[in-house]
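Taking it in order: structure first as structure tokens, then the write-up.
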Amino acid sequence: MTHAQLAHSTAISGFVDSLQEPRTPYISPKRLSQALGVKVANLAQLTGVHRNTLRNPSSERLQGRMREMVKVISAATELTGDVDKAIYWYRNEPIADYGHRTAADRVLQG
């Protein structure tokens, strides 16, 4: 593994680790919303779940949606080399092949 690949792997691993709900095997809605720069209530819209679902981090539907978000952001981090750039791309960059929708729009649509 090259130095650049190791740095990308470390960045992705650190990002994913920072999202863990303390003392659980789940992604924390609060921590993911902070990473995305949105309010927790807006995370419900981004994940396509009811806002009350965010109070139950073990919800399989919520965890599935958040895992998809993290997968896409992790893949984008591998390409950009920077988690912040990847998150910006995920939320804002229209993708021509998908009707100029963002990656966030595509994950929301399933």
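If you take CD on Q63 and CD on E21, they are separated by 8.5 Å, rounding to the nearest 0.5 Å. Atoms CZ and CG, on R55 and N52 in that order, are 4.5 Å from each other to the nearest 0.5 Å.
Side-chain contact between S74 and V16 is present, with at least one heavy-atom pair separated by less than 4.5 Å. Between L36 and I73 there is a side-chain heavy-atom pair separated by less than 4.5 Å. S28 is not listed as a side-chain neighbour of L19, based on a closest heavy-atom distance of 4.5 Å or more. Taking 4.5 Å as the limit, some side-chain heavy atom of L62 sits within range of a side-chain heavy atom of P29. Counting heavy atoms from C-beta outward, T102 and W89 have side chains that stay 4.5 Å or more apart.
In the displayed structure, R67 atom CZ is contacted under 6.0 Å by more than 12 heavy atoms of other residues, nucleotides or ligands.
Sorted by first then second residue, the salt bridge (charged side-chain N to carboxylate O under 4.0 Å, His left out) pairs that include residues 89-106, not counting sequence neighbours, number zero.
With T53 contributing its side chain and H50 its backbone, the two residues share a donor-acceptor pair below 3.5 Å. Checking side-chain atoms of N42 against main-chain N and O of V38 turns up no donor-acceptor pair under 3.5 Å.
Cluster membership for I87 and V72, using ILVMFWY side-chain heavy atoms within less than 4.5 angstrom, is shared.
The two residues V40 and S33 have their closest heavy-atom pair at CG2-OG, 3.3 Å. A103 and I95 get closest at one heavy-atom pair: N-CD1, 3.9 Å. Shortest non-hydrogen contact noted between P94 and H100 is CB-O, 3.3 Å.
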Inset, instruction - Run the numbers on Y90 and V107 for side chain to side chain contact (heavy atoms under 4.5 Å, CB included), then give the verdict. - result: CA-CA 10 Å; Y90 175 80; V107 169; 3.5 Å; yes
Legend entry - Stepwise side chain to side chain contact (heavy atoms under 4.5 Å, CB included) test for L43 and M69: CA-CA 11 Å; L43 184 63; M69 295 170 84; 4.1 Å; yes
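Side-chain atoms of D82 and T80 include no donor-acceptor pair closer than 3.5 Å.
Residue M66 is tested with I27, L46, L54 for a side-chain contact (heavy atoms from CB on, under 4.5 Å); the sole match is I27.
The pair E68-R65 does not count as a salt bridge, with every side-chain nitrogen at least 4.0 angstrom from each carboxylate oxygen.
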